[in-house]
Amino acid sequence: MNYKLISDYLPTGDQPEAIAQLVFGVQNNVKYQTLLGVTGSGKTFTIANVIEKINKPILVLSHNKTLAAQLYGEFKQFFPENAVEYFVSYYDYYQPEAYLPVTDTFIEKDLAINDELERMRLSATSALLSGRKDVIVVSSVSCIYGIGNPKEFEESIITIEKNQYFSRNKFLYRLVENLYSRAVEDKEGNGFIRGTFRVKGDVVDIFLAYADYILRVEYFGDQIEAINRLNPLTLKKEESMDNIRIYPANLFVSHPDTQRKAIEQIEKDLEEEVLEFKNQGKTIEAVRLKERVEYDVEMIRELGYCSGIENYSRYFDQRKSGSRPFCLIDYFPKDFLLIIDESHVTIPQIKAMYGGDRSRKMNLVDFGFRLKAAIDNRPLKFEEFEEIIPQIIFVSATPSVYELEKSEGIVVEQVIRPTGLLDPTIEIRPSLNQIDDLLDEIQFCKEKNERVLVTTLTKRMAEELHKFLENIGILSSYIHSDIDTIERVEILRKLRLGVFDVLIGVNLLKEGLDLPEVALVAIIDADKEGFLRDERSLVQTIGRAARNVNGRVIMYADRITNSMEKTIKETNRRRTIQMDHNLKNGISPKSLNKTVNQIMESTKVADGEKESSYESSMEKDLQYLMAEENSSLYENSSQDLTEKIRKMKKKMEKAAKDLDFISAAKWRDEIKVFEEHLKKRK
């Protein structure tokens with residue numbers, strides 16, 4: 001199936017020329033191109049038109065989950081009839097396995113998987129292996145981390161047809177091989193969740209791990225009599241099928257023969273590495289490694305998996321030592337196109353992934369917690385990443401030296417906005433009494449039903465300013481790296497819908513956020529030269545006000561830095577080009593106001609967890625509620641305890657993100673105590 005772009009608009013301004021140049025480059029096998037487009041110039045729409053014309057699988061890479069979610073929503077709207085998928089890290093909380101030699105402290109791996117994000121990851125890989133060419137996968141840098149062998153995954157696909165002779169027991173055995181498990185249901189029927197199956201006589205129900213429906217396979221003897229798609233809530237038939245392909249329930253699936261060979265090699269390497277420790281006089285490390293690996297091997301033999309099985313991925317993938325792991329990119333055909341959004345931020349992030357992972361793994365290997373093969377479970381090195389990408393389009397308002405050098409002059413500039421909107425005006429005001437001045441501006445915007453973004457230098461400043469505004473009756477929120485993925489999207493949605501008027505953040509407000517309701521961006525401490533106030537950051541930040549006809553920027557500063565001067569000069573250059581174009585074509589600038597339905601659709605990822613009826617209310621509420629921590633276990637009501645647990649989970653997640661594994665482990669242990677006490681009360 002070909003791509004079919006659905007839009008009420010046609011390319012305008014300099015979009016047609018940009019589309020033509022990019023398509024020409026792709027069709028003529030140009031490996032690197034750069035789309036330099038100002039904020040609000042319709043870069044995503046330009047890319048959507050390029051995708052429609054080249055008609056090949058697409059990987060869109062974003063540097064954070066929030067922007068990936070936004071891009072996913074936009075591409076879903078542009079290509080409703082095609083396969084648009086979302087692939088990001090599926091952890092709500094992740095504390096990696098680690099060893100701290102200084103304090104002789106080992107931290108066990110601990111995690112909380114988001115079921116909806118896991119489903120979307122499986123949906124993405126399944127779509128890529130379905131044979132379709134019209135697949136767009138929007139991903140974070142998770143796409144360079146190791147996952148299962150695509151060949152093993154593809155060979156594990158179960159294809160069934162109506163009237164096919166395929167014994168029920170053999171079918172169930174294949175499902176178990178593909179890591180589906182038999183549902184353990186209670187009297188109310190709970191327990192039948194994604195990745196499980198249940199059997200009632202000649203009827204087999206499978207809750208597919210990668211889909212939002214239940215597959216019912218009805219038998220007559222050893223013959224498949226009917227294949228139906230059921231609604232997971234009502235169990236009513238939605239569609240009858242003649243055939244279907246059932247994909248594995250996990251990315252780390254392997255054939256029994258592969259598993260047997262892997263175990264043999266693990267045991268062989270274990271023997272060698274234990275002997276090596278003994279020869280070095282490291283008896284404790286030798287015993288530790290032997291006990292841990294033998295336990296894991298026994299688990300793999302009995303269950304097909306073990307905790308930390310990804311550390312043995314080299315054996316299951318049948319790779320040589322030092323070779324790169326398989327990743328999402330390996331699931332794409334060879335002729336796909338990579339779009340790197342906000343490339344000036346995404347590229348450095350890709351480069352940094354390998355080093356951080358390796359330093360942690362080396363401690364585990366050196367002290368006998370893992371085999372040396374664990375080092376090969378890693379993200380791609382940047383050189384490996386470059387090597388396996390056939391063609392790239394860098395997309396950025398401020399491309400870095402890397403993109404410009406790689407593109408060798410093939411830079412497509414997109415300065416004109418389809419709506420005729422100009423770059424915002426910039427005003428510099430003294431930092432003295434900046435908050436009082438800001439309050440007046442917020443009130444002015446509120447009266448006109450406009451939103452305000454405020455950027456601060458630190459998370460603490462963002463949170464304190466939020467509290468101050470709330471105390472004086474101004475509805476606000478804040479957003480920074482400690483906010484969970486789906487909650488970030490929900491916050492942005494609420495800002496756009498007018499649930500609150502002011503959003504405060506740090507550097508997360510820079511790149512790509514589509515917020516046409518925002519008329520004012522206030523930059524606190526604009527003259528504090530550094531990463532968050534350099535030319536590139538300032539250009540990106542002021543761009544957040546470029547989607548509104550009344551867009552303006554206030555820089556609170558006591559001096560004009562070199563970065564501020566360059567930013568103002570570039571902004572004025574673009575405004576001149578834009579005004580000339582509007583005058584020549586008789587265009588009057590207008591804001592692109594979207595309906596409530598359009599806003600809800602473009603932020604659909606925020607609904608992901610709410611759509612599932614199989615998660616507890618505590619887990620669903622965890623992302624949105626916070627409570628003050630006080631008093632003892634026995635003095636609090638059940639409701640207080642529940643909210644206290646939520647608060648502690650937030651602290652645990654933050655500690656893990658800050659690599660403070662000891663604190664994270666302590667919070668985890670306290671949470672377990674509170675949860676046990678809560679169960680007894682209920």
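Here the structure is a predicted model, which is why all the values come from computation and not from measurement.
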Applying ring pair (Phe, Tyr, Trp, His ring centres under 6.0 Å), can you list everything that pairs with [X], at least two apart in sequence or on another chain?
X	answer
F79	Y3
Y145	none
H466	Y478

Exam field: side chain [X] to backbone [Y], donor-acceptor pair closer than 3.5 Å:
X	Y	result
Q15	S41	yes
R417	G13	no
T34	L36	no

Within a 6.0 Å radius of atom [atom1] on [X], are there more than 12 heavy atoms belonging to other residues, nucleotides or ligands?
X	atom1	result
R460	CZ	no
E529	CD	yes
I560	CD1	no

Identify, with sequence neighbours excluded, every residue that meets side chain to side chain donor-acceptor pair (under 3.5 Å) alongside S62. none
Partner set under side chain to side chain donor-acceptor pair (under 3.5 Å) for D437, not counting sequence neighbours: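 By the side chain to side chain donor-acceptor pair (under 3.5 Å) rule, D437 matches R429, Y556.
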Those residues that, when tested against K446, pass salt bridge (Lys or Arg N to Asp or Glu O under 4.0 Å) (two or more places apart):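 So K446 forms no salt bridge (Lys or Arg N to Asp or Glu O under 4.0 Å) with any residue.
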Look up atom [atom1] in [X] and atom [atom2] in [Y], then write down how far apart they are to the nearest 0.5 Å.
X	Y	atom1	atom2	result
I523	R544	CD1	CZ	11.0 Å
I542	L453	CD1	CG	13.0 Å
R121	C143	CZ	SG	10.0 Å
E342	L71	CD	CG	8.5 Å

For [X] and [Y], test the side chains for any donor-to-acceptor distance below 3.5 angstrom and give the result as yes or no.
X	Y	value
D558	S431	yes
D534	S537	yes
Q578	D423	yes
S140	S142	yes

Test log, rule side chain to side chain contact (heavy atoms under 4.5 Å, CB included), inputs N562 and K566: CA-CA 6 Å; N562 188 45; K566 288 181 179 178; 3.5 Å; yes
Here's a test for you: under side-chain contact (heavy atoms from CB on, under 4.5 Å), which of V452, L520, I428 qualifies with I554?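 Exactly one option meets the side-chain contact (heavy atoms from CB on, under 4.5 Å) with I554, and it is L520.
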